[in-house]
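Lettering of chains follows the sequences in order, A, B, ..., and the numbering in each one begins at 1.
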Protein chains: 2
Amino acid sequence: MTTPHRRFKDAIYEQLARLGKAVSAPKRLELLDLLCQGPRTVEALAEQAALSVANTSQHLQVLRGARLVDAEKKGLWVEYRIADDEVCRFFLALRGLAEARLAEVDQVTREYFDERGAMEAVEAGELMRRVKRGEVTVLDVRPPEEYRAGHIPGALSIPVGELKGRLKELPKHREVVAYCRGPYCVMAVEAVELLRKKGFTAHRMEEGVVDWRARGWRVEGGGAQP
Amino acid sequence: MTTPHRRFKDAIYEQLARLGKAVSAPKRLELLDLLCQGPRTVEALAEQAALSVANTSQHLQVLRGARLVDAEKKGLWVEYRIADDEVCRFFLALRGLAEARLAEVDQVTREYFDERGAMEAVEAGELMRRVKRGEVTVLDVRPPEEYRAGHIPGALSIPVGELKGRLKELPKHREVVAYCRGPYCVMAVEAVELLRKKGFTAHRMEEGVVDWRARGWRVEGGGAQP
DNA sequence: CAAGTATTCAACTGAGTGCTTGATTAGTCA
DNA sequence: TGACTAATCAAGCACTCAGTTGAATACTTG
C-alpha cells in the first residue's frame, strides 16, 4: 500500500541520496578535493590519492554518475574535472560542517601539525588586506598545473619541491605567505619550515584557492576550458 | 609503507566521510529534512517517514553518530533535534546541488505536481516584498508543533487537515500564500487546491521556514530549547 | 600495421548496510 | 507494585560496496 505521495517522497530522497552516496567514501572525497584544485587525468589522481588506477577509475565513475564531475577524452588521456563551481562550494560546506561538528577533525589535524612544529596560520581575510597594502609576497607551492588552473592574484608559483633551489626568486626582507591546496595539505607547511630555516619571515595560509574563490574573491588564470 | 602524511590524509577524509555516510541513505535524508522543521520523538518521525520504529531509531543513531542531531530523553519519550543550524544549511546545500545537477529531481517533481494540477509558486523574495506591503495573508499549513518551532512572521497557523472547517478565519478578498515544509512537501499544494475551489485567490510558496531562515530572514517562535 | 599506453570492464571477495523480528531496557501511571 | 509504553538492543538476512586482479578497449606513435 504505497500512495503516490509516498512514492514521490521516496523518489526525491533517493535522488538526494545519490549525492550522499557519492561523498560517503573517504577516497571519493579525496578525489573530489583534488579535482577542486583543477582538472586531472585518472593516472594523476590515482597517484595523488594513493589508489590503484582501476579503483580510481571506478570511483570517478561513481562521482560522474552523481553528476559531480565530468570526463573528457583528450587523446590517450581522460581528463576529469569538477562539473560545476557549486560542487566545490558543496565540498567546502561538507568540510566546514565536519570541522564544526566533529571534534576528531580538529584533534587529528592538531596532532599531525603539532609534531611537525606547529605554526600560526594567516587567515585569508587578513592576507587579503596585507596583499592590498603590498606588504607580503604570496607564494603558491602547488604543482604548476594547479597554479595554472587558478591561483590567488599576484601569487608566485614555486612548487614546494623546487623551492630550495629557487629561493633567490623571493625578495629577502619581506614576509612570505605560502599556501597550497587547503587546510589539510602539507605542502605549505613544508615550505614555511624551509623558508624559516633559511632566514625568511614566513607564514602559511590554511585556505586554498577554492576557499578564496568561494568567498567571491577574484582568482587569476584558469577560466573555463583551457 | 604508509607515511605519516598518508595516514593523516586518510584520517581526515575518513572523518569527512562520516558526514557523507550519514546522508547517503534516502531515509536518513528524509529524517533530517523533517528534523529541520523542528524537534520530534522517534515515534513521530517513524510515522512521518513511513518507517518502523526500530529502523527509525537505528537511523537516528547513525545521524547522532555523525553529530548531525542530538537526542534528549524527556520522560517516556526521546526527543531528537538538529544539532546546529549549520546542519540545516548543509542539508539545503545538498538539496540545492541535487536540484541544480540532477535532472531527475526536476523531472520527478514536475511529474508529480503536474498530475495534481500544476501551479506557479511564489518565490520567497517576492513573498517577502508583498508581506511588507501588507498585501497578502500568509498561511502556515504544517502541524501546529512545527508552527510553534518556528514560522514566518505574521503567518496564520491552520494545519491543512483543519483548513476546510476554518476557512472563515481567512479574510475573503485578499490573496493567500500558503507554505509548508519545503518544495517537496504537498501540504501547501493541497491547501491551495482547496482554497481555490472555495473561491480564494491562493498561491503556494515552495520555500519553507528552513530556506527562509537560511536567507537570514527573521523567524518567529521557536528559539532555543522550548 | 604493430607495439605501446591510459583507461575501462568483468568477475570475485570480504566487509558493511538497511531492514525485520523478537527480546530488553527505562520510564510513567494506576 | 505491576501493567503499560517508548525506545533501544541483538541477531539474522538479503543486498550493496570498496578494492583486487586480469583481460579488453581505444587511442597514439613508430
Would you indicate what [X] reaches in the nucleic acid, counting non-hydrogen atoms under 4.0 angstrom: base, sugar-phosphate, or nothing?
{"X": "B:A25", "result": "sugar-phosphate"}
{"X": "B:T41", "result": "sugar-phosphate"}
{"X": "A:S52", "result": "sugar-phosphate"}
{"X": "A:Q61", "result": "sugar-phosphate"}

Would one find a side-chain N or O of [X] under 4.0 angstrom from OP1 or OP2 of [N]?
{"X": "A:S57", "N": "C:dT7", "value": "no"}
{"X": "B:Y80", "N": "D:dT8", "value": "yes"}
{"X": "A:H59", "N": "D:dG19", "value": "yes"}
{"X": "B:R28", "N": "C:dT17", "value": "no"}

Tell me: [atom1] of [X] to [atom2] of [N], nearest whole Å?
{"X": "B:Q58", "N": "C:dG22", "atom1": "CD", "atom2": "P", "value": "15 Å"}
{"X": "A:N55", "N": "D:dT21", "atom1": "CG", "atom2": "P", "value": "11 Å"}
{"X": "A:Y13", "N": "C:dG18", "atom1": "OH", "atom2": "C1'", "value": "18 Å"}
{"X": "B:E47", "N": "D:dA7", "atom1": "CD", "atom2": "P", "value": "12 Å"}
{"X": "B:L76", "N": "C:dT28", "atom1": "CG", "atom2": "C1'", "value": "6 Å"}
{"X": "B:R40", "N": "D:dA7", "atom1": "CZ", "atom2": "P", "value": "13 Å"}
{"X": "A:L63", "N": "D:dC17", "atom1": "CG", "atom2": "P", "value": "14 Å"}
{"X": "B:L45", "N": "D:dT8", "atom1": "CG", "atom2": "C1'", "value": "15 Å"}

Check the side chains of [Y] and [X] for a donor-acceptor pair under 3.5 angstrom, ignoring hydrogens and angles.
{"X": "A:R181", "Y": "A:Q48", "result": "yes"}
{"X": "A:Y80", "Y": "A:D70", "result": "no"}
{"X": "A:Y184", "Y": "A:D33", "result": "no"}

What's the closest nucleotide to the B:W77 side chain, out of D:dA6, C:dT7, D:dT21?
D:dA6
For A:F90 and B:F90, what are the C-alpha separation, side-chain angles and deciding distance, and is it a ring pair (Phe, Tyr, Trp, His ring centres under 6.0 Å)?
CA-CA 8 Å; A:F90 174 67; B:F90 174 67; 5.6 Å; yes
A:W212 vs A:W217 aromatic rings, parallel, tilted or perpendicular, using cut-offs 30° and 60°?
perpendicular
